[in-house]
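All remarks here apply to the structure that follows.
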There are 2 protein chains.
Amino acid sequence: MDTVSNHENMQQCRDRDAMAAKLAALSHPARLKILQHLAEVEACCCKDVVDRLHLAQSTVSQHLKVLVESGLVRFTPDNRRSRYEVDGDEVRALAESVNGLLTSCCGLPAGEDAD
Amino acid sequence: MDTVSNHENMQQCRDRDAMAAKLAALSHPARLKILQHLAEVEACCCKDVVDRLHLAQSTVSQHLKVLVESGLVRFTPDNRRSRYEVDGDEVRALAESVNGLLTSCCGLPAGEDAD
DNA sequence: ATCGTATATCGCCGATATACGATGGATACC
DNA sequence: GGTATCCATCGTATATCGGCGATATACGAT
């Protein structure tokens, strides 16, 4: 079983890793708040976020970095201010993935397919 | 701003904390895998999971505990074997919450309005 | 050139997460 | 009784996280 069906397993594994990584980026209240704020204001710089959260600038910068590295937030190094904005496509894709996984975990009255 | 709208802020804050906590429970590949397995087999004991993941029994037990504490998995101390099963209501509720939040964050595909 | 602002990064720490083996309790089976 | 199995928990080691202050960098304004 370790020998044959490795392709699918590997792929599933990667998917899980990828999803887990993105969920990890969302698993902190501050980052959820930042994401919501970014969505509300379209795009903003680091200081805007600092002014809204009760966190040091360095901490906010870290959280923003985590969000950017997760791919859910896009970063444009504007001249002086930075520009952070939600990556709608990424977020939408994640929403679908999460929805799919969770739905397959809770619904599925009877005969189901699973991935 | 600190004086008036505290109720909503507190509530939002709690919601965020709660969601972040549940997402944290899902932010590990092993736990995602466990959740999927639990969904597939309806319910199972710890050893079943151990046999399927390449992890020590104690580690699996820990992951199961995290899932149970998050509320997404229910635990019934059967006589000898433990019984773990997905809590469909909880998972469904989380799916809705996540979907709501992410959808409100990703620009809403075809220009509909948020909540 | 100097100052002020905005930002990222570094160094540090306490806290938490992850993994394992070992232990002991409970239950089943002989 | 004795033995095997299942499981949770403890102890331990390591890695990562989350937060902050301090510092470096970049740039506009004076």
> Taking atom P of dC7(D) as reference, at what distance in whole Å does atom CZ of R83(B) sit?
Replying inline: 13 Å
> Between dA19(C) and H54(B), is there an OP1 or OP2 to side-chain N/O distance shorter than 4.0 Å?
Replying inline: no
Using nucleotides 21-28 of chain C, report all nitrogen or oxygen pairs with the protein that are shorter than 3.5 Å.
| from | atom 1 | to | atom 2 | distance (Å) |
| --- | --- | --- | --- | --- |
| dG21(C) | N7 | S58(B) | OG | 3.2 |
| dG21(C) | O6 | S58(B) | OG | 3.2 |
| dA28(C) | O4' | R80(B) | NH1 | 3.0 |

>> Taking 4.0 Å as the cut-off, does a side-chain nitrogen or oxygen of S82(B) come that near to OP1 or OP2 on dA8(D)?
In response: yes
> What's the shortest heavy-atom distance between C44(A) and L38(A), and which atoms?
Replying inline: SG-CD2, 3.5 Å
>> Would you say H63(B) places a side-chain N or O within less than 4.0 Å of OP1 or OP2 belonging to dA19(C)?
In response: yes
>> Any carboxylate oxygen within less than 4.0 angstrom of a Lys/Arg side-chain nitrogen, looking at R83(A) and E85(A)?
In response: yes
> Within the side chain of T103(A), is there an N or O that forms a donor-acceptor pair under 3.5 Å with the backbone of N99(A)?
Replying inline: yes
> Salt-bridged, K47(A) to D51(A), with N to O below 4.0 Å?
Replying inline: yes
> Is it true that a side-chain atom of S61(B) and a backbone atom of Q57(B) form a donor plus acceptor pair closer than 3.5 Å?
Replying inline: no
> OP1 or OP2 of dT18(C) less than 4.0 angstrom from a side-chain nitrogen or oxygen of R31(B), does that happen here?
Replying inline: yes
> Atom CZ of F75(B) and atom P of dC6(D): how far apart are they, to the nearest Å?
Replying inline: 16 Å
> Rounding to a whole Å, what distance do you find between L67(A):CG and dC17(D):C1'?
Replying inline: 14 Å
> Any sub-3.5 Å donor-acceptor pair from R81(B)'s side-chain atoms to C46(B)'s backbone N or O?
Replying inline: no
> Is T76(B) reaching over with its side chain to a backbone N or O of D78(B), donor-acceptor style, under 3.5 angstrom?
Replying inline: no
>> I need the NZ-P distance between K65(B) and dC6(D), as an integer number of Å.
In response: 22 Å
> Do T59(B) side-chain atoms and L55(B) backbone N/O form a donor-acceptor pair below 3.5 Å?
Replying inline: no
> Between atom CD1 in I34(B) and atom P in dA19(C), what is the gap in whole Å?
Replying inline: 10 Å
> If you write DNA chain D from 5' to 3' in dot-bracket form, with Watson-Crick or G-U pairs under 3.5 Å, [ ] for crossing pairs and | for pairs with another strand, what do you get?
Replying inline: ||||||||||||||||||||||||||||||
>> When you measure from the side chain of R31(A) to the backbone of H63(A), do you find a donor-acceptor pair of N or O atoms at a distance under 3.5 Å?
In response: no
> For L64(A) and dG18(D), what is the distance between atoms CG and P respectively, to the nearest whole Å?
Replying inline: 14 Å
> Name the one of V91(A), V66(A), V68(A) that satisfies side-chain contact (heavy atoms from CB on, under 4.5 Å) with V73(A)?
Replying inline: V68(A)
> Charged N to carboxylate O below 4.0 Å: is that the case for R74(B) and E90(B)?
Replying inline: no
>> Any heavy-atom pair between the side chains of L26(B) and L35(B) that's under 4.5 Å?
In response: yes
> Quick one: R81(B) CZ to dA8(D) C1', roughly how many Å, whole number?
Replying inline: 16 Å
> What residues in residues 43-53 of chain B put a non-hydrogen atom under 4.0 Å from any atom of DNA chain D?
Replying inline: C45(B), C46(B), K47(B)
> Can you tell which of dG19(D), dC6(D), dT9(D) lies closest to the side chain of H28(A)?
Replying inline: dG19(D)
> How long is the line joining CG of L55(B) and P of dA17(C), in whole Å?
Replying inline: 17 Å
> Does the side chain of Y84(B) get closer than 4.0 angstrom to OP1 or OP2 of dA8(D) through an N or O atom?
Replying inline: yes
